[in-house]
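A, B, ... follow the sequence lines: proteins, then strands. Residue 1 opens every chain.
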Amino acid sequence: MSKIAVIGGGIIGVATAYELAKLGEDVILFEKNYFGSGSTFRCATGIRAQFTDEANIRLMKHSVERWEGLEEELGSDIVFRQTGYLFLATSEEEVEAFKANIRLQNKFGVPTRLIDMDEAREIVPILNTEPFLAGAWNPKDGKANPFKTLFAYLFRARELGVDARGHTEVIGFERAGDAITAVKFRSNGKVESVRVDAVLNAANAWAPLINEMAGLSRGLVPITAYKHQLVKTEPLEPGQVEPLVCPPSWNDAYIIQDGEDGGIICGAGIEHKARSLEDYEPTYDFLRGVLEYAVRIAPPLRYAHVVRQWAGFYAKTPDSNPAIGKLLENFYIAAGFSGHGFMMAPAVAQAMAELISKGRSRVPLDWEWYDPYRFERGELRSSAFQIG
Amino acid sequence: MSGKKIVCRCNDVTVEDVEALIDSGVTDIEELKRLLRIGMGPCQGRTCIPIVLSILARKTGRRQEEIPLPRARVPIRPVRVEVIVGGADE
Amino acid sequence: MSEIPSYLRTGYITPEELEKFIPMPSEERLRKRPVAVPECPQEIPCAPCREICPTGAISMPTPNDLPIVDYEECIGCSLCVQICPGLAFFMVHYVGDKARITMPHELLPVPEKGEEVVLLNRVGEPVGKGRVLTVVPREKSKGDTPIIIVEVPIELAWDVRAVKVVRE
Amino acid sequence: MRLTEHPVLRFERGREVTIYFEGRPIRAYEGETIATALHAAGIRVLNYSANEKRPRGLFCAIGKCSSCLMVVNGIPNVRTCITLVEDGMRIEPQHGKAKLPREAKPPEFKEAKVVRADIVIIGGGPAGLMAAIHAADAGASVVLLDENPMLGGQLVKQTHKFFGKREQFAGVRGVEIAKILEDEVRKRENVEVFLETSAVGIFQEGDEKLVLAVRNNRELIEFRGRAVIVATGAMEKMIPFENNDLPGIYGAGAIQTLMNTYGVKPGDKVLIVGAGNVGLILAYQLIQAGVEVKAIVEAMPKVGGYFVHAAKVRRLGVPILTRHTILRAEGREKVERAVVAQLDENWRVIPGTERTFEVDVIALAVGLRPSIELLHQAGCQIRYVRELSGHVAVRDEWMETTVRGIFVAGDSAGIEEATTAMLEGKIAGIAAALRLGIADEGWLKEMEKAQKDLLEFRSGPFGRHVLEGIKKALVVRE
């Protein structure tokens with residue numbers, strides 16, 4: 001049994017800690033704020049396998065399969081619902097692009113299909129069919145409650161012996177050659193240290209700071225925090241916008257009904273570079289901009305009341321694909337999820353835990369594709385589609 | 001009608017619900033807020049948050065001064081979508 | 001707990017408790033002309049009685065001090081009764097075997113001159129009947145509060161502090 | 001249920017109109033809210049809650065608690081306590097979560113109206129009005145917004161006379177003070193007033209502060225200024241007890257709104273919880289409106305408000321039960337009874353002391369807390385200060401918060417009185433004008449005088465407590 005430190009109490013860190021404990025490892029988990037405070041609790045809840053490249057499609061297909069069994073595995077309600085993703089095309093060219101994506105997704109077993117607007121309207125009763133030509137529909141995509149999911153993992157992890165510490169900040173490492181030997185951390189003003197056999201950097205937007213503590217350059221894995229915002233309505237009756245509905249040509253705007261309280265979450269690709277890692281200030285342009293799209297997607301939304309707007313980070317890499325893998329002899333990273341950490345977590349956590357514990361994983365995760373050294377080598381991937 | 005002590009009218013959260021979650025080890029106000037959905041309904045936390053803060057203080061022996069208040073968010077009162085986009089008068 | 005005075009536990013003050021805060025006017029003074037008696041035992045930031053008193057009979061070094069009436073200087077004009085925001089000023093005047101109590105009355109109906117009313121003590125219990133001698137309606141009051149003078153049996157002079165108008 | 005005469009207030013009602021509740025015609029008057037008209041017609045249950053389908057009625061009456069959501073003309077989630085009646089309106093109770101209509105025309109995107117001024121003041125109560133008067137006199141252009149249809153804030157519901165000194169309106173009724181201040185504001189050409197206008201957020205855009213607001217629930221307005229004064233007042237506290245959400249349980253402010261603003265009797269028999277100034281004054285106002293007050297219960301061993309307010313209701317026969325608490329409300333779909341009990345010195349219920357009051361209204365006057373949502377949202381540092389009754393914005397002696405250019409005054413800076421709110425408003429108004437370089441140095445003296453008056457007002461036992469709190473809320477700026 002090795003002592004493994006996981007840094008970051010978001011969904012990736014917490015789920016990996018759980019997977020490591022399941023493999024019998026002795027895990028200590030650090031979260032400098034409250035659990036989920038970084039990106040997880042600010043996400044739009046969506047889960048999809050409708051990607052446009054093989055690596056992400058295969059990883060997410062596996063992840064969705066994990067999601068399907070998660071409620072039973074973790075033993076608590078995480079409000080996972082396979083209510084689908086519906087992408088909407090506004091031009092013939094886009095319809096063609098959808099068809100190509102669907103072929104690729106079908107090839108790897110993702111059951112996406114092209115649907116007409118009558119069928120789309122049956123799925124989303126308040127949809128405005130007029131501006132759209134067709135939809136790419138995968139009923140296996142879905143959503144889950146990020147709060148309940150994270151806590152389901154956390155409670156199970158603790159039951160398996162994980163020492164999960166909130167409000168505890170990692171402030172440095174001890175290194176011997178290419179290996180980390182100890183983690184220094186601070187809680188309530190008190191500094192302590194723990195000897196470790198391996199470390200996982202799951203700090204997402206904060207990951208470059210952790211890499212720096214490990215003696216690596218901040219730019220090795222260049223992650224930049226972009227503020228992505230959401231607007232949510234008051235709770236509404238379910239069944240009005242169950243799937244995530246997105247016309248990508250409308251600045252990646254989307255709407256999706258919260259699986260738990262029924263409030264409608266509205267997002268869009270109106271992006272701002274964060275001024276700092278504390279910059280969660282919502283902006284006025286987003287509030288109006290996102291709703292302009294939302295009411296065109298589903299006009300009856302005009303009668304719903306907005307109850308809040310918030311911001312979280314897309315911890316973006318230059319190619320919008322995460323950095324997953326080994327950085328030093330016993331120092332690993334799973335960060336830079338560029339908005340996809342929540343949906344990828346069940347698969348990535350399993351893969352990462354297996355890699356750390358056993359040196360290899362049976363998860364269909366393309367290690368080369370997500371190689372954290374690819375940026376240094378200048379080998380960027382095709383940009384992953386950033387929705388939800 | 002049962003004798004429930006309602007903390008949050010929006011989501012029908014009771015004193016017992018709050019206490020049970022605290023007893024299960026969730027003692028961070030931000031975590032309580034999200035798991036109970038207090039402050040996330042149409043009243044935006046105006047009635048429930050102070051009560052939850054006082055229950056939390058009582059159960060954990062912390063002073064209220066030590067518990068940070070969950071951040072208030074825009075808009076601080078519910079606003080119709082059509083008003084925000086400017087087309088409410090059509 | 002013993003330091004909490006009875007008037008704060010119950011919401012009313014007895015004449016005995018009141019005497020700890022202010023001296024009581026002498027019987028001689030009470031017979032001479034009406035005299036203002038404040039039932040204001042708490043240091044609250046309030047000064048209109050002192051400010052309105054035409055003879056400077058009310059001493060109150062700062063607004064948070066208790067009003068103390070110099071009974072010799074008091075001319076019984078009732079302006080303090082009219083202005084007092086706490087409706088805590090009364091006037092007492094002994095005439096023969098009756099006492100005349102001047103008090104605010106901000107309820108409907110406002111009694112009429114000569115009308116018989118039910119007399120209430122400081123806890124709202126009916127303690128007898130009395131006759132209304134004078135009514136200063138709201139529009140004539142200097143403090144926007146109607147005041148009335150009620151004739152009561154002299155032994156009730158220090159009990160009656162409100163009236164109830166009972167009409168068919 | 002409607003009041004026709006009152007010892008202090010005169011009710012001017014608008015044109016009579018008809019609204020329909022579940023198809024049944026109900027008489028209403030223009031200028032009153034839907035919830036008021038329904039209440040006057042004896043309707044207490046406005047909706048059934050989202051999850052447990054518990055009956056719910058009016059609670060805050062100022063659009064904050066969302067206990068009054070109904071379906072109006074087919075549109076769900078309408079806050080009927082702040083939505084005015086219109087002839088022919090169709091109103092249905094809402095059952096659980098709302099369903100949107102299936103069809104609608106997408107609204108056209110329009111640019112918002114922009115209003116610019118040196119200083120944007122949010123809240124037209126005593127603090128905001130005084131801030132506007134003094135900022136304007138100091139030379140600033142001012143825009144003042146308030147979410148109510150009239151200026152004056154809580155003053156418009158106050159039939160009692162105020163304490164303090166006569167230059168601070170002592171001896172004048174709250175309703176009258178509101179009129180005086182409103183006249184002063186209306187006289188000034190450099191103050192523009194927007195009523196029925198709710199500020200919903202403050203954004204920093206370059207050097208400008210953007211106060212985003214909604215007028216009449218219809219129109220988006222961008223108020224742009226260099227300084228903002230937040231004078232948003234207070235919000236009532238709620239306490240947990242069994243069935244505390246039953247229709248007929250109201251915040252004290254809601255009862256004052258029904259009774260003193262709209263002239264509608266809240267009920268026939270009332271139990272009041274809380275013997276602070278609000279509870280005591282409410283009891284007196286209820287008696288003035290011809291409502292029977294069965295008792296006032298207070299958990300503390302003594303009356304918390306001014307003794308003179310207690311004496312006023314005591315001599316009209318209202319028992320004040322100190323060291324008592326409410327255990328539960330009883331009733332099928334609305335309050336029919338309240339059960340109270342005595343507490344021992346450790347705040348435990350003494351068995352066998354339960355008493356039942358047959359009442360149709362339970363009024364909660366268990367304290368106020370500052371309305372700081374805008375300040376918090378705008379990024380001002382917030383601190384919990386017990387003596388100020390809750391979370392408040394950290395500020396300096398000029399009432400400026402930790403966000404440069406955002407000032408605070410009145411109850412939103414800490415629960416106190418209208419008199420202190422007015423003085424704080426004066427300070428904030430002058431301070432903002434000074435900060436912007438608009439006011440000349442002479443105004444510094446005016447501000448110092450207000451600071452001195454405040455200190456004098458707070459020098460008594462009640463004020464000393466507040467002063468302790470203010471010390472904790474102060475930031476020392478270099």
*asked:* Sub-4.5 Å heavy-atom contacts with chain D: which residues of residues 144-157 of chain C show up?
replied: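 From residues 144-157 of chain C, the residues near chain D are Asp144(C), Thr145(C).
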Name each donor-acceptor pair under 3.5 Å that joins a side chain in residues 457-469 of chain D to protein atoms two or more places apart or in another chain, with its distance.
unit_1: Arg458(D); atom_1: NE; unit_2: Glu416(D); atom_2: OE1; d: 3.4
unit_1: Arg458(D); atom_1: NE; unit_2: Glu416(D); atom_2: OE2; d: 2.8
unit_1: Arg458(D); atom_1: NH2; unit_2: Glu416(D); atom_2: OE1; d: 2.8
unit_1: Arg458(D); atom_1: NH2; unit_2: Glu424(D); atom_2: OE2; d: 2.8
unit_1: Ser459(D); atom_1: OG; unit_2: Asn64(C); atom_2: ND2; d: 3.1
unit_1: Ser459(D); atom_1: OG; unit_2: Glu456(D); atom_2: O; d: 2.7
unit_1: Arg464(D); atom_1: NH1; unit_2: Ser459(D); atom_2: O; d: 2.6
unit_1: Glu468(D); atom_1: OE2; unit_2: Lys471(D); atom_2: NZ; d: 3.3

Pick from [options]: which one has the most heavy-atom pairs with chain C under 4.5 Å?
options: Leu321(D), Ile296(D), Val313(D), Val308(D); answer: Val308(D)
options: Arg315(D), His309(D), Glu417(D); answer: Arg315(D)
options: Leu316(D), Val8(D), Ile320(D); answer: Val8(D)

_Counting only non-hydrogen atoms closer than 4.5 Å, does Glu5(D) touch chain C with its backbone (N, CA, C, O), its side chain (CB onward), both, or neither?_
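Interface part for Glu5(D): both.
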_Toward chain C, the part of Lys165(D) with a non-hydrogen atom under 4.5 Å_ =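 For Lys165(D), backbone and side chain are both near chain C.
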*Pro85(C) and Phe162(D), any side-chain heavy atoms less than 4.5 Å apart*: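 No; the side chains remain at least 4.5 Å from each other.
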Do other residues, nucleotides or ligands put more than 12 heavy atoms under 6.0 Å from the [atom1] atom of [X]?
X: Lys98(C); atom1: NZ; answer: yes
X: Tyr12(C); atom1: OH; answer: no
X: Glu167(D); atom1: CD; answer: yes
X: Glu28(C); atom1: CD; answer: no
X: Glu397(D); atom1: CD; answer: no

Please name the pair of heavy atoms, one in [X] and one in [Y], separated by the smallest distance, quoted to 0.1 Å.
X: Phe163(D); Y: Cys46(C); result: CD2-SG, 3.7 Å
X: Gly164(D); Y: Pro48(C); result: O-CD, 3.3 Å
X: Tyr7(C); Y: Phe307(D); result: CD1-CD1, 3.4 Å

*Between Glu106(C) and Arg173(D), is there a side-chain N and carboxylate O pair less than 4.0 Å apart?*
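Yes, this pair counts.
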*Most chain D-contacting option - heavy-atom pairs closer than 4.5 Å, from Pro126(C), Pro104(C), Ala88(C), Gly11(C)*: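 Most pairs with chain D among the choices: Gly11(C).
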_Winner by heavy-atom pair count (cut-off under 4.5 Å) against chain D, out of Asp65(C), Val163(C), Ile13(C), Val110(C)_ =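 Of the options given, most contacts go to Ile13(C).
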Tell me, side chain or backbone of [X] under 4.5 Å from chain D's heavy atoms, or both, or neither?
X: Leu120(C); value: side chain
X: Cys84(C); value: backbone
X: Arg138(C); value: side chain

*Rounded to the nearest 0.5 Å, how far apart are NZ of Lys302(D) and CD of Glu3(C)?*
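Atom-to-atom, Lys302(D):NZ and Glu3(C):CD are 9.0 Å apart.
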*Roughly how far, to the nearest 0.5 Å, is CZ of Arg166(D) from SG of Cys49(C)?*
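If I round to the nearest 0.5 Å, the distance is 10.5 Å.
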*Kindly say whether Gly86(C) contributes a backbone atom to a donor-acceptor pair with the side chain of Lys312(D) at under 3.5 angstrom?*
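No, Lys312(D) side chain to Gly86(C) backbone: no donor-acceptor pair under 3.5 Å.
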